[in-house]
Amino acid sequence: MRKLRMLMPGLLVALGLVAVALISRTMATPAAATDRLPCASAAFTINERLPNGARWTMCWEERFREGVVLRSIKYTSPAGEAVFVLSQANLAQIFVPYDPGTPRFHDLSDYGLGDSHLNNMTPADCPGGVLLQNNGRNIICKTIVPVGYGYKYYDTQKQASALQVFSVSHIGAYNYINHWLFYDDGTIEPAVGATGQLQMCTSNPQHGWRIDGQQRCTLSSGQPYGTSHMHNYYWRLDFDINGISNNVVEQIEFSGNQTEQRQLVQSTMLSEQKVQVSPTTFRSWRVKNTAALNSDGHQRSYELIPDNYHNFRNTNEPWTQNDLYVTQYNPCELWATHNPTSGGCGDDVSDFVNDQTITDPVLWYGLSFHHLTRDEDDPYMSSHWNSYLLVPRDAFAAQQR
Amino acid sequence: MRSTQVVLKNVALVALGMLAAFAIMRWLPTDRSAQAQQELLMPEQAVGVVAAPAKGRTGTEPLSTDEQKTAASIALKYLGSQRVSAKDNPAVPADQQLELLFAERHEESKATYARGAWERRADVYLYDYRRDGVILNVVNLATGKIDSSDFARGAQPPLTQNEIDRAVQIVMTHPQAGKTLSQEFARLTGTNLKDASQVEVAGFIQLTDPSSSPLVRAASCGSHRCAQLLFSTPSGEMVSITPIVDLSTGLFVSLNN
């Protein structure tokens, strides 16, 4: 008895420690509307803690046309401060017109990125990662990848990492990698990788590049040229920074082209708009929550930073006239082209812009790549990447790394 | 017990407690989704692992194969009970007049998602060749009933394998296109094309767009269900034709558009 009493202090401290640990792990924080994930099972939930302590949470869904749709995307900082970013994010068309004028493929709506066109990946496709399956097929690879310096200053440095989420859709002879990087500092990088084999060949040197000796292009007459063509990728981004309310889109650019000085010009998009990229005025756009402030008192926002180096414009195809379309959320506006019109919606994204006041903005962003074929496209094309950035701008009061 | 011994034992107990607390903090997950989370492997692992499949489906999770089958059978049963005055399309086989395209989860509105709970519903798409249009049935999997059934012309969801097979037959039996395809196949493979199963085919929906060729325009692709085919040999040589056929009329449209 006396022995036990003498050990009491140690026992009590030990039990106390265990109790505190248990309580801290089981006490759930109350959930806001955007905190509640619309998925429940591990197979459709992506919830990953990165080495710096940040966390990305989202749901994924396989859909027939869109392939993989991501929903309820939320970033939680290493210190535990959460910012809800997007209610939904997905590819909304891949438009592939060939330089001779035909064919002109609308891959997403007219072929579909999902179902049997989604590659059933093997563990070799996903080094170090986890394959998520739907109906017996491995659709998603998720993994944590190193991305080099998060920052560097004198002898201070931090190696950063990102959550990588991708699927592969087999469209004709092409394989499209629908790829998302979620960085440990809150940045999102949507991307598409184009690989596979060349789809078309021609004997017309105006519309291609000479590619002798390729098994794929064995023409019956004339010399073989790989037909040059465009890949126009469109994303639909339904931003809801810190929730659905109080979201406002702002354009940011700088006046002063051909002069020494540059002046910041910010303009709010009160109604639906279509705009082109403008590399000489550094144009970008951000979605901000006017009621959600970071601890410095600044409005939380995410900025879309474009990266267009080819622009495809065709008068006959109105969706090619601009690079960013800002629209009011409408459930029947699904794809940038060949959109179903039966619900009263327009046929393409340019029709979606019809002066509605914006209270719940959706951003449609298009990124183009003119593929001039080359000898090295045989036997398989090296993955060609296009990407852009969604960067936190005052989403936090300081760097999150 | 000597006092140093007591102190040491107390220290040992505290250490044990710390160890247990650490273990709890490290391994006991904070919430359900984290609990369900699959731990990621180290990047140096050469290959990934396959996560366990979902047991049930809820929320925005895609339809299971069983849910797709159930939804399709409810939709077909409902359509079978409806009287349609339209005659059969003579260009289409009897068993393909009403072609089941696919079933996927019904996309609810954002307002519904914000409420946090909704019933499992499926969109079942069928192509009705008798009337040339898409039937979209919204099937409520919770009640087993049809919530809505709409018919619309002009929308053309992707082709089924049945339809691609039929499009290939239209090309193969067309005098000019069939001859071109056979000649190309023989040139590339050294064997004769006897059966559609010898070629690899991808089939795309073809619509009439502002940039469409006069042939596609004349065939009313879009109002009609048209297919554009891409052929290659089993060893990967491309057949350099991109034929378009009209599945609604069973007619060939163009060879190289």
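Please read these numbers as outputs of a predicted model, since none were measured by experiment. Each chain gets a letter, A, B and so on, in the order the sequences are listed, and its residues count up from 1.
Relative to the ring axis of Phe102(B), Arg63(A) does not place its NZ or CZ within 45° and under 6.0 Å from the centre.
The candidate from Met200(A), Gln199(A), Gln197(A), Gln214(A) with the greatest count of non-hydrogen atom pairs under 4.5 Å with chain B is Gln199(A). Between chain A and the residues Ser240(B), Pro53(B), Gly59(B), Ala202(B), the largest count of heavy-atom pairs under 4.5 Å involves Pro53(B). Counting heavy-atom pairs closer than 4.5 Å to chain A, the top-ranked of the candidates Thr60(B), Leu188(B), Leu230(B), Val239(B) is Thr60(B).
In terms of heavy atoms, Ala52(B) sits closest to Gln133(A) at C-NE2, 4.1 Å. The nearest pair of heavy atoms linking Arg36(A) to Ala114(B) is NH2-O, 3.3 Å.
Between Arg71(A) and Glu107(B) there is a salt bridge, since a side-chain N of the basic residue sits under 4.0 Å from a carboxylate O of the acidic one.
Residues Glu61(B) and Glu61(A) have side chains not in contact (no heavy-atom distance under 4.5 Å, counting atoms from C-beta outward). Within the 4.5 Å cutoff, no side-chain heavy atoms of Asp110(A) are placed close to those of Pro158(B). Within the 4.5 Å cutoff, the side chain of Lys110(B) has heavy atoms near those of the Asp240(A) side chain.
Of the possible polar contacts, one joining the Arg187(B) side chain to the Thr218(A) backbone as a donor-acceptor pair under 3.5 Å is found. A donor-acceptor distance shorter than 3.5 angstrom exists from the side chain of Asn135(A) to the backbone of Leu63(B), with no hydrogens or angles considered. Listed for the Glu317(A) side chain is no donor-acceptor partner under 3.5 Å among the backbone atoms of Pro210(B). Between the side chain of Glu104(B) and the backbone N or O of Phe64(A), at least one donor-acceptor pair lies under 3.5 Å.
Between Phe204(B) and Tyr111(A), the angle of the ring planes stays under 30°, which puts this pair in the parallel group of the 30/60° scheme.
Looking at Leu219(A), the atoms closer than 4.5 Å to chain B (heavy atoms on both sides) sit in the backbone and in the side chain alike. Contacts between Thr242(B) and chain A at a heavy-atom distance below 4.5 Å involve the side chain alone, from C-beta outward.
Checking Arg104(A) against Asn257(B) by side-chain atom types alone, no donor-acceptor pair falls below 3.5 Å.
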